[in-house]
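Protein chains get the first letters and strands the later ones, always in sequence-line order, with residue 1 at the start of each. The shown structure was predicted, so the numbers you read here are calculated from the model rather than taken from an experiment. Hydrogens, waters and symmetry mates play no part in the numbers below; they use all other heavy atoms, side chains included.
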Protein chains: 2
Amino acid sequence: MLSTQQKAQTQMDDSLQKFIRKHTPAIEERLNTLLETETSSLTLRDAMAYSVNAGGKRIRPLLVLATLHDLDVSSEDAITVACAVELIHTYSLIHDDLPSMDDDDFRRGKPTNHTIYGEAVAILAGDALQTLAFGCLTKLSSTPAEVVLQIIHLLAEASGLRGMVGGQVLDLEGETKQLSLLELETVHINKTGALLSFCIEAGALIAGADAVKTDKLKTFAHNIGLAFQIRDDILDVTSTTEELGKTVGSDETSDKSTYPSLLGLADAEKRLKSHQQLAKSALSILEKEESLLGLFADYIVERKS
Amino acid sequence: MLSTQQKAQTQMDDSLQKFIRKHTPAIEERLNTLLETETSSLTLRDAMAYSVNAGGKRIRPLLVLATLHDLDVSSEDAITVACAVELIHTYSLIHDDLPSMDDDDFRRGKPTNHTIYGEAVAILAGDALQTLAFGCLTKLSSTPAEVVLQIIHLLAEASGLRGMVGGQVLDLEGETKQLSLLELETVHINKTGALLSFCIEAGALIAGADAVKTDKLKTFAHNIGLAFQIRDDILDVTSTTEELGKTVGSDETSDKSTYPSLLGLADAEKRLKSHQQLAKSALSILEKEESLLGLFADYIVERKS
């Protein structure tokens, strides 16, 4: 028989699963609608669609929607913002997998974009997905134009020189030298954290959340961003290739600095739990018995892939 | 002694030269200001700045400013829009030069980005320049937010799947098969024309030009876009490596479809003149004795590199 705590845990997981099952098809439909456009270049559109449909978990778009849900606001524009961030994420994966970067032939158990379409088209598919991300944000219908510009600004900050792409270059540089914990954290705050934070902040912007709530949500976002990366590093050590859908142990083989390599596995786990706790504490501002964002924090920390 | 016509020609060239000399330093200063931002990734910022400062002619930003000049409107936002399009152009050059695309070691007489920074950083520098282009447009100060969103939308259309990047994929596909004249035109309308058209249309938008003027300016833009590419193809046949600052005759060597290869050099020249004429006729709507855009059309058709 389940204990009360286990029952609560099961119930919470059910709520998140229900939310994910409800919204994922709509996100994927909208992503494909954004790609169903007249174009002379069908090869490029195919290459873009291939990676968009390569089976991601859609964590980022779901985080946008969960933020609005937790703020008790609904907006028909939320799904477009959710798709914009997924398009940025997808372009970054295509470029990360290229031979001159991580040189990965498989991602989520499927051949990577360049192994199917060749390097040139893969680079261009990534380029055009980034363009589409910014382009689709200009078509929001119920958000004031000034707020839309703030969202576009946030997305550019989160994904460019001062965010994701900057973090990717730091990560590449980190492959050839031992990083300090602070340097490792800087890599991940930029490479992974900035885009995850965007999801929460953009959700708060669309919802018109006040400054105090927005600030707490930023704290939440910062901590789940770091938790996400620590969990990734731990999975690379403890998981199997089958579970993960990509080659495991690659960090170890390349002597790359990771949380487990710098802290040891046990302390990396502790740090992970600490970020989970800080993230969930920040959510008390929502005054909700059950917060979807809180469930997401648990999911990020406990996920197997 | 100069004939009257030659004198007029010299005078016109002087006006354009004066305009270019006046505005180019301001464009370059603003481009560098956009890059002078705090970042943890100095390597990435250096790589971005390297290509931004690699000596382009700044035709696209100058076209934005010339459009406003010809419409007798001044706006402090024009230079930011001008820089956004130059950032997109610069990112596209970095990616075009990559080993998996044109594999060029030199551009404008200087080593290409990837020969200095390596392929991975070059790809990421291109990525972050694209992000910066969209990001900087969110900071226009004197243009209504709705119009800014229209400009961002236009830039995304001109540079993504349905514009520049789409054209680049068609161009790559054209390398392995003989194209018809119509197919060749489709390649160039997308690859080069769309971004040049953006410059004129964005200028018209900022200036608040009416529908009739905007329509004529679009005709102008369409024709100088094609003229630009035909001139490029002709220069590849007739110019020297020194004049062009890049390897010439590369189209011929690769059996690539070009205007001279499909039409012969003489008919390609005729077609070039015809687009020049159509472009300049469209400018009669401006009712100006001397139009900078008209001078630009002449420059594009007569340039030596």
Contacts with chain A made by residues 138-149 of chain B (heavy-atom distance under 4.5 Å), listed by residue number: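 From residues 138-149 of chain B, the residues near chain A are B/T138, B/K139, B/A145, B/E146, B/V148, B/L149.
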
Is [X] close to chain B through its backbone or its side chain, or both, or neither, when contacts mean heavy atoms under 4.5 Å?
X      : result
A/H153 : both
A/M48  : side chain
A/L172 : side chain
A/L98  : side chain

Short side-chain to backbone donor-acceptor contact, A/R45 and A/T37, under 3.5 Å: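 Judged by distance alone, yes, a pair lies under 3.5 Å.
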
Any idea which of [options] has the most non-hydrogen atom pairs under 4.5 angstrom with chain A?
options                        : result
B/V187, B/I123, B/I88          : B/I123
B/L44, B/T39, B/L129           : B/L44
B/I152, B/L154, B/T186, B/T131 : B/T131

Most contacts with chain B, counted as non-hydrogen pairs under 4.5 angstrom, among A/L137, A/D127, A/V169: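 Most heavy-atom pairs within the cutoff with chain B belong to A/D127.
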
Side chains of [X] and [Y], heavy atoms from C-beta outward: is any pair under 4.5 Å?
X      : Y      : answer
B/C83  : B/L34  : yes
B/R107 : B/N113 : no
B/L155 : B/L195 : yes
A/P99  : A/H114 : yes
B/L170 : A/S40  : yes

So, [X] versus [Y]: side-chain donor-acceptor pair below 3.5 Å or not?
X      : Y      : result
A/D104 : A/T112 : no
A/N32  : A/E36  : no
B/Q168 : B/D96  : yes
A/E201 : A/T214 : no

B/E38, part contacting chain A, at a heavy-atom distance under 4.5 Å: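 Both parts, heavy atoms under 4.5 Å.
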
Portion of B/N190 that has a non-hydrogen atom of chain A nearer than 4.5 angstrom: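 Contact with chain A: side chain only.
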
